[in-house]
Amino acid sequence: MNYKIALIKGDGIGPEIVDEAVKVLNQVGEKYGHTFDYTRVLMGGESIDACGVPLTDEAIAQCKASDSVLMGSIGGNTTTSPWYKLEPSLRPEAGLLKLRKSLGLFANIRPAYLYDELKAACPIKDEIIGDQGFDMVIMRELTGGLYFGERKTVEENGVLKAYDSLTYDENEIRRIAIKGFEIAMKRRKNVISVDKANVLDSSRLWRKVVEEVAKDYPEVTYSHMLVDNCAMQLVKNPGQFDVILTENMFGDILSDEASEITGSIGMLSSASLSETSLGLYEPSHGSAPDIAGTNQANPIATILSAAMMLRYSLNLDKEADAIEAAVKAVLKKGLRTVDIMSEGCTQLGCKEMGDAIAAEIQ
Ligand SMILES: NC(=O)c1ccc[n+]([C@@H]2O[C@H](COP(=O)([O-])OP(=O)(O)OC[C@H]3O[C@@H](n4cnc5c(N)ncnc54)[C@H](O)[C@@H]3O)[C@@H](O)[C@H]2O)c1
Ligand SMILES: CC(C)[C@H](C(=O)O)[C@@H](O)C(=O)O
C-alpha cells in the first residue's frame with residue numbers, strides 16, 4: 001500500500017529526530033511492501049521565517065490531504081529567540097495549537113513505560129520500581145481548557161492584569177472520558193481521573209461527567225485523584241497507574257514528569273487523535289534548542305510515535321510491533337543516546353541510534 005504522510009520537521013532538534021523516524025519507516029516499508037510518500041509541511045519557527053506566520057492555511061490543507069501527520073517539535077529558546085518578540089498569536093506554539101484545533105485532535109495519548117533495560121536510567125529508587133516497573137498511558141484532553149480559553153492583558157486602574165480562562169463543556173469532557181475508558185478496556189482496566197475538584201468548577205464538572213461515562217464500563221475500575229497528589233504519586237508509586245485521564249494543562253505537566261521517570265523525556269511518544277483516522281504523531285518533548293545540531297538528541301520518542309502512527313492511523317499493527325521490537329532489541333544490546341546512558345553501555349549519536357533501530361526491523 002501507499003500512504004501519504006505530512007512531515008513537519010519543525011525547529012531545533014526537530015529535523016534531526018524526524019530524519020531518523022523516516023529512516024525507520026522506510027525500512028518498515030521495504031520489509032513489509034509499503035511506500036510512504038512524504039510531503040514537507042512548514043510549522044512553527046520554520047514557517048514564521050518562511051511565511052511570516054507559524055501555520056498557513058496551505059499547511060493545514062496539506063495535513064488534511066494526508067493519511068497522517070508526523071512531526072518533530074517546534075519552538076526556540078523562549079528567552080533568547082527572536083520568535084518570542086512577536087505577538088503571541090504569531091509565535092511557534094500558536095501554530096501547533098492551531099493545527100490541533102483545525103484537525104480536531106482532542107485526544108492525546110502519551111504512553112509512559114519503563115523498559116527493563118532502562119532501569120538504571122530511571123531516577124526512582126529500585127525498591128519503589130520493583131520487578132514490575134510501570135506501564136501507564138496518559139490520556140490528555142487536547143483542544144480545550146486553559147489553552148483555548150479567552151485570554152487578555154489589560155490595564156485596570158493603572159495596574160496590568162492578565163486573564164486566562166479555563167472552560168470545558170460536558171461534551172468535550174465526555175468524548176475524552178470515553179477514549180480513556182476505551183483504552184483502559186484494552187489494557188489493565190483501570191482509570192484514574194485526575195482533576196482539581198477541591199478548587200475548580202471545571203474539575204467538578206469533569207468528575208460528574210467521568211462518573212456518568214464510567215457507568216458504561218462496569219469492567220473498568222476507576223477513581224479520582226487530585227492533580228497535586230498525582231504529581232507526588234507518580235514518583236512515589238508509578239506502578240499504580242494504568243490510564244491517567246486528565247485535562248489539557250494537567251496532562252501537559254504530568255506527562256513531562258512521567259517521561260522523566262522512564263529514563264528521559266526523549267523516550268516519550270505521543271499520538272493526537274481526532275474522530276477520524278487522521279492523527280498527529282510527535283514526541284512529547286520540545287525542540288531542545290540547547291542540543292540542536294549536535295547529534296545528541298534521542299530519536300526514540302519520535303520513532304515510537306511513528307509506530308503509533310502505523311497502529312492508530314494506518315492500521316498497520318504488525319509493522320508497529322516491528323518498530324517497538326526493534327527499539328527494545330537496540331536497548332537490550334546496550335546501545336544508548338547520552339540522555340539514557342549508563343555504565344557498561346555504548347553511547348550513540350542521534351543518527352547512529354536511528355541506523356541501529358532501522359537495522360533491527362524484522
Ligand atoms: N510539541 C512540541 O513541539 C513542543 C513540546 C514542548 C516544548 N516545545 C517547545 O520547545 C522549546 C524548548 O522547550 P523546553 O526547553 O522547555 O523543553 P524541551 O523538551 O525542548 O527540553 C527540555 C530538556 O530536555 C532535553 N531534551 C528534550 N528532548 C530531548 C531528546 N529527544 N533527547 C535528549 N534530550 C532531550 C533538552 O535538551 C532540555 O534539556 C520551547 O520553544 C517550547 O515551547 C515544543
Ligand atoms: C509547545 C506546547 C504548546 C505544547 C503543549 O503545551 O501542549 C507542548 O508542551 C506539548 O506538550 O506538546
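In this chain, numbering begins with 1 at the start of the sequence shown. For ligands, and for the atoms within them, numbers begin at 1 and follow the listed sequence.
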Could you check ligand 2 for N or O atoms lying under 3.5 Å from protein N or O atoms and list the pairs with distances?
| unit_1 | atom_1 | unit_2 | atom_2 | d |
| --- | --- | --- | --- | --- |
| ligand 2 | 6 (O) | Y147 | OH | 2.6 |
| ligand 2 | 6 (O) | D252 | OD1 | 3.4 |
| ligand 2 | 7 (O) | R100 | NH1 | 2.7 |
| ligand 2 | 7 (O) | R140 | NH1 | 3.4 |
| ligand 2 | 7 (O) | R140 | NH2 | 2.8 |
| ligand 2 | 9 (O) | D252 | OD1 | 3.1 |
| ligand 2 | 11 (O) | R110 | NH1 | 3.2 |
| ligand 2 | 11 (O) | R110 | NH2 | 3.1 |
| ligand 2 | 11 (O) | R140 | NH1 | 3.3 |
| ligand 2 | 11 (O) | D252 | OD1 | 2.9 |
| ligand 2 | 12 (O) | R100 | NH2 | 2.8 |
| ligand 2 | 12 (O) | R110 | NH2 | 3.0 |

Self-check item: Distance-only N or O hit between ligand 1 and S264, under 3.5 Å
Solution: no
Quiz item: Is the backbone N or O of Y163 less than 3.5 Å from a side-chain atom of R151, with the two atoms forming a donor-acceptor pair by type?
Solution: no
Quiz item: Under a heavy-atom criterion of less than 4.0 Å, does W83 contact ligand 1?
Solution: no
Quiz item: Where the closest heavy atom to atom 40 (C) of ligand 1 is concerned, which of G95, G286, S287, G76 has it?
Solution: G76
Quiz item: Should I13 and H285 be marked as a side-chain contact (heavy atoms from CB on, under 4.5 Å) after you check the CA-CA gap, both sets of side-chain angles, and the distance that decides it?
Solution: CA-CA 10 Å; I13 60 170; H285 60 73; 3.6 Å; yes
Exercise. Could you walk me through whether Q347 and T337 pass the side-chain contact (heavy atoms from CB on, under 4.5 Å) test, one step at a time?
Key: CA-CA 5 Å; Q347 193 173 313; T337 43; over 6 Å; no
Self-check item: Short N or O distance, N298 and ligand 1, threshold 3.5 Å exclusive
Solution: yes
Donor-acceptor pairs under 3.5 Å, side chain of residues 234-241 to any protein atom, not counting sequence neighbours: which ones?
| unit_1 | atom_1 | unit_2 | atom_2 | d |
| --- | --- | --- | --- | --- |
| Q240 | NE2 | Q233 | OE1 | 2.9 |
| Q240 | NE2 | N237 | O | 3.0 |

Quiz item: Would you call E211 and K208 a salt bridge, taking side-chain N to carboxylate O under 4.0 Å as the test?
Solution: no
Exercise. May I ask whether A297 places a heavy atom under 4.0 Å from ligand 1?
Key: yes
Practice problem: Verify the neighbour count for atom CG of D131: are there more than 12 heavy atoms of other residues, nucleotides or ligands below 6.0 Å? | Solution: no
Practice problem: Check whether more than 12 heavy atoms from other residues, nucleotides or ligands sit under 6.0 Å from atom CD of E127, and answer yes or no. | Solution: yes
Quiz prompt | D201 bridged to R204 by N-O distance under 4.0 Å | solution = yes
Quiz item: At under 4.0 Å between heavy atoms, which part of T78 makes contact with ligand 1: side chain, backbone, both or neither?
Solution: side chain
Quiz item: Would you say atom 23 (C) of ligand 1 has a protein heavy atom nearer than 4.0 Å?
Solution: no
Exercise. Number the atoms of ligand 1 from 1 as they appear, then name those within less than 4.0 Å of a heavy atom of S73, with their elements.
Key: 3 (O)
Quiz item: Going by the atom numbers of ligand 1, which of them fall below 4.0 Å from some non-hydrogen atom of G266?
Solution: 30 (C), 31 (N)
Practice problem: Work out which heavy atom in L316 is nearest to a heavy atom in Y3; give both atom names and the distance. | Solution: CD2-OH, 3.5 Å
Quiz prompt | From CA spacing to verdict: side-chain contact (heavy atoms from CB on, under 4.5 Å), E30, I361 | solution = CA-CA 10 Å; E30 228 167 81; I361 296 292; over 6 Å; no
Self-check item: Per atom 29 (C) of ligand 1, closest listed option by heavy atom (D339, I13, I17, I300)
Solution: I13
Quiz item: Taking atom CD of E58 as the centre, does the number of heavy atoms from other residues, nucleotides or ligands within less than 6.0 Å exceed 12?
Solution: no
Exercise. Find all atoms of ligand 1 within a distance of less than 4.0 Å from any non-hydrogen atom belonging to E282, and give their numbers and elements.
Key: 1 (N), 2 (C)
Practice problem: For M71, take its heavy atoms, then give the atoms of ligand 1 lying under 4.0 Å from any of them. | Solution: 3 (O)
Quiz item: Should Q296 be counted as touching ligand 1, given the test is an N or O pair under 3.5 Å?
Solution: no
Quiz item: What part of I291, side chain from CB on, backbone N/CA/C/O, both or neither, has a heavy atom under 4.0 Å from ligand 1?
Solution: side chain
Quiz prompt | K9 and D19 ion-paired at < 4.0 Å | solution = yes
Quiz item: Under 3.5 Å, is there a donor-acceptor pair linking the side chains of T276 and S274?
Solution: yes
Practice problem: Mind checking whether D256 contacts ligand 1 via backbone (N, CA, C, O), side chain (CB onward), both or neither, at a 4.0 Å heavy-atom cut-off? | Solution: neither
Quiz item: Under a 4.0 Å N-O cut-off, is there an ion pair linking K119 with D126?
Solution: no
Quiz prompt | Check: E93/Y84 side-chain N/O donor and acceptor closer than 3.5 Å | solution = yes
Quiz prompt | Under 4.0 Å to a heavy atom of G75 - the qualifying atoms of ligand 1, by number | solution = 41 (O)
Exercise. State whether D116 and K332 are salt-bridged, where the test is any N-O pair (Lys NZ or Arg NE/NH1/NH2 against Asp/Glu carboxylate O) under 4.0 Å.
Key: no
Self-check item: Proximity to ligand 1 by part of P299, non-hydrogen separation under 4.0 Å
Solution: neither
Quiz prompt | Heavy-atom nearest neighbour in the protein, as seen from atom 43 (O) of ligand 1, with distance rounded to 0.1 Å | solution = E93 OE2, 2.4 Å
Quiz item: For ligand 1, which part of L96 has a heavy atom less than 4.0 Å away: the side chain, the backbone, both, or neither?
Solution: side chain
Practice problem: Identify the protein heavy atom lying closest to atom 12 (C) of ligand 1, giving its residue, its atom name and the separation to 0.1 Å. | Solution: P289 CD, 3.6 Å
Practice problem: Look at atom 4 (C) of ligand 1 and say whether a protein heavy atom is found at less than 4.0 angstrom from it. | Solution: yes
Self-check item: Protein heavy-atom partner closest to atom 9 (C) of ligand 1 - residue, atom, separation in Å
Solution: I74 O, 3.2 Å
Practice problem: Might you confirm whether atom CD of E150 has over 12 heavy atoms from other residues, nucleotides or ligands at distances under 6.0 Å? | Solution: no
Self-check item: Q132 CD: over 12 foreign heavy atoms closer than 6.0 Å
Solution: no
Practice problem: Note the single closest protein heavy atom to atom 20 (O) of ligand 1, along with its residue, its atom name and the distance in Å. | Solution: A288 N, 2.8 Å
Practice problem: Could you tell me whether atom 14 (P) of ligand 1 has a protein heavy atom closer than 4.0 Å? | Solution: no
Exercise. Using a strict cut-off of less than 4.0 Å between a Lys/Arg side-chain nitrogen and an Asp/Glu carboxylate oxygen, indicate whether E212 and R174 qualify as a salt bridge.
Key: yes
Practice problem: Around atom 27 (C) of ligand 1, find the nearest protein heavy atom and jot down its residue, atom name and distance. | Solution: I265 CG2, 3.5 Å
Quiz prompt | Identity and separation of the nearest protein heavy atom to atom 36 (C) of ligand 1 | solution = D290 OD1, 3.4 Å
